[in-house]
Protein chains: 2
Amino acid sequence: MQLSRSYIVDAALEILDTYGFADMTMRRVATQLGVAPGALYWHISNKQELVAAIAEAIIEPIGVRLATTPLSPDELCTSLREFLLHHRDGAEVVAAAMSQPQSAVRLKIFEAVTSSISEYFDTQILSPSDIEAAATGLTHLTVGAAALHQAGLQFAEATGEEFDADNEWQSQNAVRLLLAGLRMKELESQNGK
Amino acid sequence: MQLSRSYIVDAALEILDTYGFADMTMRRVATQLGVAPGALYWHISNKQELVAAIAEAIIEPIGVRLATTPLSPDELCTSLREFLLHHRDGAEVVAAAMSQPQSAVRLKIFEAVTSSISEYFDTQILSPSDIEAAATGLTHLTVGAAALHQAGLQFAEATGEEFDADNEWQSQNAVRLLLAGLRMKELESQNGK
DNA sequence: ACCTGAACACCGTTCAAGT
DNA sequence: ACCTGAACACCGTTCAAGT
């Protein structure tokens, strides 16, 4: 059976879900595929690229969800959060991939959030820089809070303590505050006309 | 000359500023101090702890600044951002330390932002969960945007391209949107009384 | 108490050589 | 074209033994 990029991504994702990000090494992916470590480098140029690919796979469901149902910015962020939490260390992986410049993941999330904002706010009235700021703000917020949440979950699991899940609401609350700010700007500009 | 925790932190910070986070390894810190790698483990239990210590050193200036001058939440975030950008990969380090649960760095930033909010908003009227959400939201937002900014800077430096510094404003804009949302909540609750 | 030497169990990446 | 074997240059961490 021939090795390929998508087999590699699948194997890596499986290791991620089972053992976590720290164990998602090139060598373990290779072992899982029954192949020498060097073999991976014929299909993928380096680990960064693999991480980026995994991150895209993690957020891919938001694309298919958005294709059928239109989501408000609020709902979109909740959805994104959900998909991040759906994989072990999912938020951490996406955060790592996002802060690589020219990152495809960031662009995709950014575009999804921006288009959602455009449908629920008046683009003619709002300044583009406010929309941009809102989109990046919402993204960082959601991913950052999710990463923290997952770290807390794993810590609780490891130590056997029970876990405050109140940052579930915190994230959504912060999203709503930011969107409320955007709505206010919209109203201000409308009246200022 | 005797080794100590603070010498280790200083050496690590120097390596961070000169070569970046990836090169801030235990072994290089040891080499810089002219000591065997194992020696570090007498003073520091593991790398996580070192990273946490470095992160605290990076954000320490906000404490001293806040002790003399009171800052609005907006100003505080700009200040935080400034201090993150003051060290190579500073935002990445702080982000890494922050997502460790029970993180002292996160708590310190959180408390600073919360107290600043308390001075500029009416705590009697605003719900505590909104204040919490605002504080964590602002923190993740600022750190996330700064990390992205720094990654972009380094990429531009490496490839020799010029760099869009427009995410400087984006971060502050997002902060203002969130605070505007909080202000609106405040007004709403006032009128609803 | 504090540190060295040396090891253990790993990494990511490269590349001649094979098929 | 695609993969193996084997190496290169590293990691974090531990721990007997020294002083």
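Note on naming: letters A, B, ... go to the chains in the order of the sequence lines (proteins, then strands), and numbering restarts at 1 for each one.
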Listed pairs under 3.5 Å, donor-acceptor, residues 27-40 of chain B side chains, sequence neighbours left out:
{"unit_1": "B:Thr31", "atom_1": "OG1", "unit_2": "B:Arg27", "atom_2": "O", "d": "2.8"}

Among all residues two or more places apart in sequence or in another chain, which pass the side-chain hydrogen bond (donor to acceptor under 3.5 Å, both in side chains) test with A:Gln170? B:Thr136

Per-nt protein contacts along nucleotides 3-9 of chain D (heavy atom under 4.0 Å; B base, S backbone sugar-phosphate only, - none) come out as SB--B--

Is there any protein nitrogen or oxygen under 3.5 Å from a nitrogen or oxygen in nucleotides 16-19 of chain D, and what are the pairs?
none

Atom pairs and distances, side-chain donor-acceptor, residues 82-92 of chain A, under 3.5 Å, sequence neighbours left out:
{"unit_1": "A:Arg88", "atom_1": "NH2", "unit_2": "A:Thr18", "atom_2": "O", "d": "3.3"}
{"unit_1": "A:Asp89", "atom_1": "OD1", "unit_2": "A:Gln154", "atom_2": "NE2", "d": "3.2"}
{"unit_1": "A:Asp89", "atom_1": "OD2", "unit_2": "A:Phe21", "atom_2": "N", "d": "2.7"}

How close or far is atom C1' of C:dC11 from atom CZ of A:Phe21, stated in whole angstroms? 14 Å

Heavy-atom side-chain contact between A:Leu141 and B:Leu178 under 4.5 Å: yes

Please, which pairs that meet ring-ring contact (aromatic ring centres under 6.0 Å, His included) have at least one residue in residues 27-63 of chain A, sequence neighbours excluded? none

Starting at atom CD1 of A:Ile44, determine the distance to atom P of C:dT14, rounded to an integer number of angstrom. 14 Å

Dot-bracket for DNA chain D, please. Rules: Watson-Crick or G-U, both distances under 3.5 Å, ( ) within the strand, [ ] when a pair crosses earlier ones, | for another strand, . otherwise. ||.|||||...|||||.||

Quick test of your reading of the model: are B:Glu60 and B:Lys108 salt-bridged, counting only N-O distances below 4.0 Å? no

Given D:dG12, D:dT13, C:dT13, identify the nucleotide with an atom nearest to the side chain of B:Asn46. D:dT13

What is the distance, rounded to the nearest whole Å, between atom CD of A:Glu49 and atom C1' of C:dT13? 14 Å

Distance-only check: which donor-acceptor pairs under 3.5 Å involve side-chain atoms of residues 63-74 of chain A, not counting sequence neighbours?
{"unit_1": "A:Arg65", "atom_1": "NE", "unit_2": "A:Ser79", "atom_2": "OG", "d": "3.0"}
{"unit_1": "A:Thr68", "atom_1": "OG1", "unit_2": "A:Arg65", "atom_2": "O", "d": "3.1"}
{"unit_1": "A:Ser72", "atom_1": "OG", "unit_2": "A:Glu75", "atom_2": "N", "d": "3.1"}
{"unit_1": "A:Ser72", "atom_1": "OG", "unit_2": "A:Glu75", "atom_2": "OE1", "d": "3.3"}
{"unit_1": "A:Asp74", "atom_1": "OD1", "unit_2": "A:Gln172", "atom_2": "NE2", "d": "3.4"}
{"unit_1": "A:Asp74", "atom_1": "OD2", "unit_2": "A:Arg176", "atom_2": "NE", "d": "2.8"}

Co-members of B:Met184 in a cluster of I, L, V, M, F, W and Y side chains, linked at under 4.5 Å: A:Met184

What is the distance, rounded to the nearest whole Å, between atom CZ of A:Arg28 and atom C1' of C:dC10? 11 Å

Taking only the P atom of each, what is the distance from D:dC10 to C:dA9 in whole angstrom? 22 Å

side-chain hydrogen bond (donor to acceptor under 3.5 Å, both in side chains) filter on B:Ser45, not counting sequence neighbours, yields B:Glu49

Using atom CE of A:Met26 as one end and atom P of C:dC10 as the other, report the distance to the nearest whole Å. 17 Å

Send over the distance from A:Met24 CE to C:dC11 C1', rounded to a whole Å. 14 Å

Where at least one partner belongs to residues 117-151 of chain B, residue pairs that pass ring-ring contact (aromatic ring centres under 6.0 Å, His included), sequence neighbours excluded: B:His149-B:Phe163

Taking only residues two or more places apart in sequence or in another chain, which ones pass salt bridge (Lys or Arg N to Asp or Glu O under 4.0 Å) with A:Glu186? A:Arg183

